[in-house]
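A note on names: the letters A, B, ... follow the listed sequences, proteins ahead of strands, and every chain is numbered from 1. Just so it is clear, the values below take in all heavy atoms, side chains as well, and ignore hydrogens, waters and symmetry mates.
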2 protein chains.
Amino acid sequence: MKNSTVSIPFSKSPVYLTVYEAIKQDIVGGRLYANERLPSIREQARQLCVSTTPVETAYQQLMAEGFIESRPRQGYYVATLPDSYSRFTMSASKTESGLSEKDCSTAETYAYDFHLAKNDFASFPVSHWKRLLMQTLREEYEELLFYGDPQGEAGLREELAAYLYRIRGVVCRKEQIVIGAEQHLLLHYLAILLKGISPAVAVEDPCYPLIARTFQAEGFAVLTATEADKGIDISRLLQSSVRIVAVAPSHQFPGGRVMPINERMELLKWAKEQEGYIIEDDYGGELRYVGQPVPALQGLAPDANVIYVGGFSQILAPDICIHYLVLPESLLAPYQQLRRRLLFEQSSSRVYQRTLEKLMKQGYFEKHVRKMRSLYRRKNQELAEALQIQFHDCGDVLNPHAGFHLILSLRATASEQEMIQAAKSGGIRVASASAFYADQAACERRKRKRFMIGFGGIAGQRIEEGAAQLRQIWEPYLQV
Amino acid sequence: MKNSTVSIPFSKSPVYLTVYEAIKQDIVGGRLYANERLPSIREQARQLCVSTTPVETAYQQLMAEGFIESRPRQGYYVATLPDSYSRFTMSASKTESGLSEKDCSTAETYAYDFHLAKNDFASFPVSHWKRLLMQTLREEYEELLFYGDPQGEAGLREELAAYLYRIRGVVCRKEQIVIGAEQHLLLHYLAILLKGISPAVAVEDPCYPLIARTFQAEGFAVLTATEADKGIDISRLLQSSVRIVAVAPSHQFPGGRVMPINERMELLKWAKEQEGYIIEDDYGGELRYVGQPVPALQGLAPDANVIYVGGFSQILAPDICIHYLVLPESLLAPYQQLRRRLLFEQSSSRVYQRTLEKLMKQGYFEKHVRKMRSLYRRKNQELAEALQIQFHDCGDVLNPHAGFHLILSLRATASEQEMIQAAKSGGIRVASASAFYADQAACERRKRKRFMIGFGGIAGQRIEEGAAQLRQIWEPYLQV
DNA sequence: ATGGATTTGTCCGTATGTATG
DNA sequence: TCATACATACGGACAAATCCA
């Protein structure tokens with residue numbers, strides 16, 4: 001019988017762990033062979049000059065992990081390990097890989113940042129939110145620590161249903177609303193729910209690609225339901241077997257086109273006759289700067305198969321992590337089934353949900369929406385005017401009526417990518433609109449280049465300067 | 001030219017909205033035909049005895065929504081609507097449907113609730129959490145209102161990597177960690193990432209069905225990698241073409257089996273040789289009541305293709321909504337690609353992430369884990385003893401070493417469902433273990449029925465009573 | 001056919017009551 | 001309390017289309 005090499009150095013960690021580690025390493029390192037007998041607990045304890053307790057604990061732990069086994073009244077024996085062990089050494093490879101994190105950080109700084117996602121979250125009603133948040137923590141926290149309604153807090157859904165009716169003309173019961181922490185997640189549920197409907201989904205051209213990508217990942221084919229920049233082509237839908245259409249009727253991306261009422265009606269008629277489904281993307285539908293917000297498609301036919309999609313990330317702040325679906329009655333039972341099948345839980349914080357409910361109930365949310373609307377209206381107008389002045393001789397500002405950006409259409413000789421790079425070199429961030437069109441080649445051929453100029457992230461006073469700077473940088477490329 | 005039926009009643013709402021609504025209803029109701037000319041702004045204003053402005057505003061809004069069109073210097077004309085309009089009347093159908101909400105509420109009350117999901121969240125370190133949360137709100141809120149790192153806050157991931165190394169033996173860099181608000185969501189990402197690897201995934205028998213269901217929804221076939229209650233059968237894996245295996249090595253569900261080291265080694269060897277992937281579900285891996293927590297499989301071979309899955313819902317509270325994956329290096333680039341393709345955002349609140357980071361950095365989290373462990377250890381032991389006393393003549397308590405529940409194995413004449421119903425009638429909630437086995441028929445045939453008895457949601461003092469009550473209720477079914 | 005008067009959509013400066021901070 | 005901002009409403013100016021003597 002060979003002695004194991006255990007010895008106890010000075011150490012802060014408990015004795016039994018030291019013993020455990022030492023024997024484990026002996027086994028791993030091949031210094032103790034399979035089926036070899038370990039010293040008995042008493043003997044080991046004597047050798048190490050400790051009591052039997054830590055040795056026994058160490059042996060228990062080793063046994064629990066399968067390193068050794070106990071043969072009652074015989075002793076502890078080393079278990080049989082595959083000989084390939086040494087291949088998997090604990091190489092604590094904490095070295096940095098070459099993987100850059102540039103996509104993660106938004107640390108790049110621009111003198112003039114006309115990016116889209118950069119919204120004016122600074123106008124978030126911080127003080128009210130904090131106060132209501134603390135109130136929730138104070139008054140309801142015990143209850144909220146436990147699992148809640150997987151579909152979302154009933155109170156919030158009730159408040160939301162009322163809000164959607166008042167401001168967006170959406171007609172629904174709170175039972176139709178599904179709360180979730182992320183857009184893709186909710187659309188993923190939806191894609192699964194609609195899997196039996198048709199193998200393809202139709203989207204607008206152009207459009208924000210989120211819905212298309214999510215459905216694509218779920219195995220759907222994607223086709224366009226429109227000619228570029230035109231309305232929905234019903235005959236096209238009828239020719240194909242597609243029975244799911246995704247639209248953004250109150251603010252098509254990126255151009256901001258509003259779907260006219262007759263197109264809405266035709267789409268609803270199509271859905272009714274073909275038993276099709278309409279996904280209504282209404283992100284930012286509250287923000288319209290000319291006249292009233294255009295009521296949602298869903299409200300025209302509350303009993304039709306329209307799924308309304310919205311959220312609070314843009315209008316309030318991303319930290320809220322609350323988005324929602326409004327499901328038609330026909331999808332309620334399937335959704336409940338799906339939930340039980342996939343075993344998902346609510347992904348949004350109950351505390352945040354309750355706080356948001358208070359914010360809405362007490363009217364602060366609607367106030368905030370109005371404030372945002374007027375703030376953005378001003379910036380939108382300033383930007384439109386500044387661009388008009390700078391580029392009136394070679395282009396136009398399109399549809400500056402809603403959203404967080406507008407479209408600058410220019411007669412130019414260079415490609416959009418070249419011009420964006422030039423702007424970037426000059427410290428200005430703008431984006432191309434072409435990326436969102438189905439036919440990239442057609443965009444290339446177009447004489448008129450289109451850029452998305454966001455006004456969310458830039459200070460009002462810097463808009464005019466930024467526009468002038470942009471004109472100067474782009475001067476060589478423009479066709480006056 | 002026909003007069004429209006607009007009239008202005010006493011009303012709180014603005015004139016222009018009244019006019020807008022009236023004309024809209026006239027068009028919708030068919031009282032105004034397509035291409036019909038509306039009264040000019042001035043004429044309409046005269047008739048209504050208002051100024052031109054509200055009329056003009058109303059017309060603008062109607063135009064924006066596509067109900068009417070303007071022919072400059074000629075007049076406004078009603079647009080062409082599909083004749084099917086009347087079918088889509090604004091039926092404000094706010095009636096209650098028969099749809100019950102029973103699945104949503106957890107309102108059912110039991111005298112003795114031995115349910116699993118009901119944890120002792122009451123021991124959540126509320127005061128520390130609140131304090132740190134407020135600190136975050138005070139000091140970092142402006143920054144946190146904007147979009148953050150889509151993979152999760154770097155600071156939290158760093159802290160988490162250190163914690164996982166200390167407590168679970170997981171070896172990883174923060175770049176490998178992906179934060180998300182929900183288990184299914186993260187597993188959904190993972191399923192897409194692994195789509196090219198193999199068309200099937202192998203799971204343990206029994207196991208918690210979350211991973212299987214998620215992968216199934218993503219189109220994977222699911223097969224079992226074990227005989228019921230046995231270890232992973234490598235030859236079985238080799239026979240099939242499966243190259244993805246999901247396991248819970250530190251605490252198999254529901255029995256609590258710990259995967260012995262040689263099985264771990266063989267599994268890792270299999271993964272290396274077959275270029276397979278191992279998904280290590282480590283929910284509740286921190287909670288072991290006998291000896292130390294068993295280190296994670298991932299740490300045995302940090303450079304192998306092991307995906308470690310964990311979260312804070314069970315150990316802290318569901319409200320946190322923070323879960324995580326630890327990806328192997330081979331999946332980092334594919335993950336970044338996926339993120340750009342699917343355009344998903346971070347689904348967990350940045351404020352919560354930062355607060356959790358502080359909770360961990362300042363040691364409160366580990367303190368909490370230790371507290372939970374000793375609390376659950378006590379309750380676990382009390383329950384095990386109580387059940388042992390009550391049922392020693394007709395069954396056993398299996399493996400009461402970890403997790404939030406233990407298994408009561410009983411010789412009984414009735415089916416598990418019958419007995420659960422009987423318990424329910426007596427005000428006691430317990431669950432069946434059979435639901436988690438692949439072969440349901442085999443479970444039926446088994447003489448020994450298995451129940452999952454949770455101790456999370458029940459007060460320590462009520463355990464003994466509850467066990468006695470349960471014995472009394474089940475008396476008729478037992479085979480002594 | 002024609003030129004002037006009228007009507008039209010469109011744009012703009014201003015006033016008022018209400019809400020906000 | 002007071003100053004400010006906003007939504008709403010008023011009335012007029014302009015240029016293009018239309019009508020009519």
Side-chain angles (χ1 to χ4, degrees), chain A residues 120 122-132 163 166-168 258 260 286-295 315-316 358-382 384-385 388-389 392 396-402 459-461, chain B residues 1-4 6-24 27 32 35-79:
Chain A
D120 251 329
S123 61
F124 181 81
V126 176
S127 61
H128 287 131
W129 179 259
K130 275 190 192 173
R131 184 171 48 77
L132 295 172
Y163 166 78
R166 275 200 314 277
I167 307 297
R168 307 296 302 114
V258 174
E286 301 97 339
L287 294 179
R288 191 171 169 77
Y289 312 128
V290 180
Q292 293 287 110
V294 180
I315 191 75
L316 265 177
K358 291 195 184 81
L359 199 78
M360 297 182 86
K361 191 167 261 159
Q362 300 180 17
Y364 296 114
F365 176 67
E366 258 185 70
K367 206 171 286 182
H368 171 70
V369 171
R370 276 197 296 276
K371 195 168 132 201
M372 291 288 277
R373 200 177 333 189
S374 72
L375 170 70
Y376 279 139
R377 170 182 294 143
R378 205 166 34 245
K379 289 176 74 172
N380 174 64
Q381 193 180 340
E382 282 176 31
E385 279 171 12
Q388 190 62 43
I389 291 170
H392 65 97
D396 303 287
V397 175
L398 306 181
N399 245 348
H401 299 325
Q461 314 90 297
Chain B
M1 185 173 66
K2 186 176 59 177
N3 270 344
S4 93
V6 180
S7 73
I8 302 186
F10 292 104
S11 165
K12 240 181 51 118
S13 77
V15 178
Y16 79 97
L17 273 185
T18 317
V19 176
Y20 157 80
E21 277 296 341
I23 297 179
K24 185 166 140 185
I27 296 175
L32 283 170
N35 288 316
E36 191 170 348
R37 185 171 175 278
L38 288 182
S40 78
I41 292 175
R42 275 172 256 263
E43 187 172 344
Q44 186 76 274
R46 253 197 311 278
Q47 287 196 7
L48 300 172
C49 297
V50 296
S51 79
T52 57
T53 313
V55 178
E56 187 183 344
T57 313
Y59 281 21
Q60 292 286 344
Q61 186 68 24
L62 287 165
M63 202 168 63
E65 297 179 22
F67 284 99
I68 63 177
E69 54 187 68
S70 155
R71 302 184 194 163
R73 334 281 157 200
Q74 295 186 47
Y76 287 94
Y77 292 80
V78 177

Just how far, in rounded Å, is [atom2] of [N] from [atom1] of [X]?
X     : N      : atom1 : atom2 : result
B/R73 : C/dT8  : CZ    : C1'   : 8 Å
B/E69 : C/dT10 : CD    : C1'   : 17 Å
B/E56 : C/dT10 : CD    : C1'   : 6 Å
B/R71 : C/dT7  : CZ    : C1'   : 17 Å

Checklist entry - Between B/S40 and C/dT8, does any side-chain N or O lie under 4.0 Å from OP1 or OP2? => result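 Looking at the OP1 and OP2 atoms of C/dT8, one of them is under 4.0 Å from a side-chain N or O of B/S40.
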Next on the checklist: Please verify the inter-ring angle class for A/Y163 with A/F365; under 30° counts as parallel, over 60° as perpendicular, anything in between as tilted.
Outcome noted: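 Plane angle over 60°, so perpendicular.
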What's the separation between atom [atom1] in [X] and atom [atom2] in [Y], rounded to the nearest 0.5 Å?
X      : Y      : atom1 : atom2 : answer
A/L359 : A/R131 : CG    : CZ    : 9.0 Å
A/L375 : A/R373 : CG    : CZ    : 12.5 Å
B/Q61  : B/I23  : CD    : CD1   : 12.0 Å
A/K367 : A/R370 : NZ    : CZ    : 7.5 Å

Item to check | Outermost DNA chain D nucleotides near chain B [under 4.0 Å, heavy atoms] | outcome: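 Nucleotide range in contact with chain B: D/dT8 to D/dT18.
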Applying a 4.0 Å non-hydrogen cut-off, can you work out what [X] is touching in the nucleic acid: base, sugar-phosphate, or nothing?
X      : value
B/T52  : base
A/R377 : sugar-phosphate
B/Y59  : nothing

Below 3.5 Å between N/O atoms, which protein atoms pair up with nucleotides 19-21 of chain C? Just atom names and distances, please.
residue: C/dT20; atom: OP1; partner: A/K367; partner atom: NZ; Å: 3.1

Checklist entry - Per the side-chain contact (heavy atoms from CB on, under 4.5 Å) rule, which among B/V19, B/T18, B/V55 passes with B/V50? => result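 Looking at B/V19, B/T18, B/V55, the match for B/V50 under the side-chain contact (heavy atoms from CB on, under 4.5 Å) is B/V55.
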Checklist entry - Under a cut-off of 3.5 Å for both distances of each Watson-Crick or G-U pair, what dot-bracket string does DNA chain C give, using [ ] for crossing pairs and | for inter-strand pairs? => result .||||||||||||||||||||
Checklist entry - Can any side-chain N or O of A/R377 pair as donor or acceptor with the backbone N or O of A/H401 at less than 3.5 Å? => result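 No, because the side chain of A/R377 does not come within donor-acceptor range (under 3.5 Å) of the backbone of A/H401.
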Item to check | Check: B/Y20 and B/L17 side chains under 4.5 Å, non-hydrogen atoms | outcome: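 Side-chain contact under 4.5 Å: yes.
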Checklist entry - Taking the nucleotide of DNA chain C with the closest heavy atom to each, which residue, B/R42 or B/T53, is nearer the 5' end? => result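 Closest to the 5' end, via its nearest nucleotide, is B/R42.
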